[in-house]
Number of protein chains: 2
Amino acid sequence: MRQAGRYLPEYRALREKLSFIELCRRPEVAVEVTLQPLARFDLDGAIIFADILLPLEGMGIGFHFDAHDGPVIERTVRSATDLRGVRAGDPAADVPFVFEALRLAARELAGRVPLIGFAGAPFTLASYVIEGGHSRTYAEVKRLMLTEPATFARLMQLLADTTIAYLLAQVEAGAQVLQLFDSWAGALAPADYERFAAPHSRRVLEALCGHGVPLIHFAGGAGGMLAQVRAAGGDVVGLDWRVDLDRARAELGEGVAVQGNLDPAALLGPPAEVERHAADVLRRAHGRPGHIFNLGHGVLPATSPETVARLVEFVHDWNGGD
Amino acid sequence: MRQAGRYLPEYRALREKLSFIELCRRPEVAVEVTLQPLARFDLDGAIIFADILLPLEGMGIGFHFDAHDGPVIERTVRSATDLRGVRAGDPAADVPFVFEALRLAARELAGRVPLIGFAGAPFTLASYVIEGGHSRTYAEVKRLMLTEPATFARLMQLLADTTIAYLLAQVEAGAQVLQLFDSWAGALAPADYERFAAPHSRRVLEALCGHGVPLIHFAGGAGGMLAQVRAAGGDVVGLDWRVDLDRARAELGEGVAVQGNLDPAALLGPPAEVERHAADVLRRAHGRPGHIFNLGHGVLPATSPETVARLVEFVHDWNGGD
């Protein structure tokens, strides 16, 4: 998950000079931010600093971030009329800075740890495009999905096409692992996920197959529909913390790895609690290969960097709980 | 779940004259609102119009609702110091209007349909008290829980004590079924739910046992930890829509009924979609007794009353899908 962020003083120092979107748009700064956590912590991977909304602009969907870094879509898509003027993006031309940042990061890392690229899944991107930002009910995205399924499907297709091009270009620029973030998949009933969201995620994940990069498929709040998430594809299913890892693996079956699933809020606790929570995840993962230890979401701003350092050490030192 | 609300023009008409809290505080108006959906729809139960935050005021925790009816806690509890002055409430004295509304509603209904009372579960109430309102991350409630477990437990105890008194008084005033709403339980990892939230819900549910009223235990977003929710008690487990009902029942095992689990947003779709979604729930529930058909959350404001009427008829006419 996201490793950089406001919990790091060196990130906050950059943010005093540059807006969030400027950090993304300046490749040399994006690389600096990407590498900040690696300079502090003995991490096993680097995730490029970017935002899932970046490819939208080239699709004709403008956005900005408000004072709290919350996304604001400038013209929401809630009808066939709204969809006019929305097109598949050409990420190589639209967001060249992402690929430049990946190239620079790959050069800096020189293979020390894998470089992870990512994109938003079509449903999660559509949620932003239709709701206009964060939502508590997802009423607008569901309304469009049910009342104008053709319009919804067309938007999802355009998002999937753009995402495929975006991720392929990331591989070309040096990404060695890809993650597809379906943060809001869990807002849907399992049957609706299967019908309206999964086919588009599947198309993205299938298009990335055979390019030599492992695919991590993260779906938030999906503890009640893991089988459906797995069926949509990916070599690894990314889990949040709302389901026990051993139960999730039983549900997912063989042939797929898992990533997760520590609650980022556990890092707000004292050392003993951080270890207790991390040990619980590790214990539930133990005895079966194919687990990438990770938080279930990005690091919370109130987290102390020392806690992250101790967590990384604890996980590396883990010996099976004996 | 909540039946009254902004989707009804007669509710909006009342709201033009009175604030949300005034509707709750005037028993004769609360009863009018309670009965509005029953005048329109052939419902099988009436749920008293109230808000889960009402008992907080008597605990020394002031609150109001903002312009969008969002709850605002006036003085959040985030430390032992903040907890001074917070006490167990005496609902009979603090919120007599709720019980008066129940008595009036029971008289009006005269046994036609059961009258349902409700309260917030300790964890969900604590979330509001600690966060100050809605939250996306629940970082503050989790921080207090992990860093000051004694303070957190004390708050939870006070909330549980108050809730027990509140629900017992509701039974005395005529409630024939009780529902405990743990809307934000799903924000927790299953192990944290079990450790920090479930014991307090269990205490509430056990205290209500043997009073001749069925207990519905609703936990939102809990598709990954249904076994833990069931273990905390209740005759009926209330499900949201993020898990398939048949899968949920398999997980819950025998000896417990279920309530739910239609996505309220399905009612924003055209008639064919509403029926499709309702039929899916009914089909998954079919062949085993102990299912109360319901939405997985309250009716959304954009819902058409005609859709609700058609849904009630569809469910009543359901014959097993043959």
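This one's a predicted model, so the numbers in the text were calculated from it and none came from an experiment. So that the names make sense, note that chain A is the first sequence line, chain B the second, and so on, each numbered from 1.
- For B:Asp192, the part lying near chain A is the side chain, with the backbone staying farther off; criterion is any non-hydrogen pair under 4.5 Å.
- Note: B:Pro190 leads B:Ala272, B:Pro190, B:Ala189 in heavy-atom pairs under 4.5 Å with chain A.
- Among the candidates A:Leu262, A:Leu188, A:Asp240, A:Asp280, the residue making the largest number of heavy-atom pairs closer than 4.5 Å to chain B is A:Leu188.
- Side-chain atoms of B:Arg242 come within 3.5 Å of backbone atoms of A:Gly186 as a donor-acceptor pair (strictly under, hydrogens ignored).
- Side chain of A:Trp241 to backbone of B:Ala187: a donor-acceptor contact under 3.5 angstrom is found.
- Residues B:Asp244 and A:Ala191 approach most closely at OD1-N, 4.4 Å, considering heavy atoms.
- Counting heavy-atom pairs closer than 4.5 Å to chain B, the top-ranked of the candidates A:His277, A:Arg143, A:Met225 is A:His277.
- With a threshold of 4.5 angstrom between heavy atoms, B:Thr137 approaches chain A through side-chain atoms but not through N, CA, C or O.
- Here the shortest heavy-atom pairing between A:Pro270 and B:Leu146 reads CD-O, 3.2 Å.
- Contact count versus chain A (heavy atoms, under 4.5 Å) is highest, among B:Leu267, B:Asn261, B:Thr147, for B:Thr147.
- For a residue to count as touching a neighbouring chain, one of its non-hydrogen atoms must lie under 4.5 Å from one of that chain's; by this rule B:Ala302 does not touch chain A.
- Under 4.0 Å is where a charged nitrogen must lie from a carboxylate oxygen, and between A:Arg247 and B:Glu251 at least one such pair does.
- When heavy atoms are compared at a cutoff of 4.5 Å, B:Leu300 approaches chain A solely by way of its side chain, counted from C-beta outward.
- Rounded to the nearest 0.5 angstrom, A:Asp263 CG and B:Lys142 NZ are separated by 3.5 Å.
- Interface remark: B:His297 contributes no atoms to any contact with chain A (heavy atom separation under 4.5 Å).
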Starting from the C-alpha separation in whole Å, work towards a yes-or-no answer on side chain to side chain contact (heavy atoms under 4.5 Å, CB included) for A:Arg195 and B:Arg276. CA-CA 12 Å; A:Arg195 202 169 140 214; B:Arg276 179 184 177 134; 3.1 Å; yes
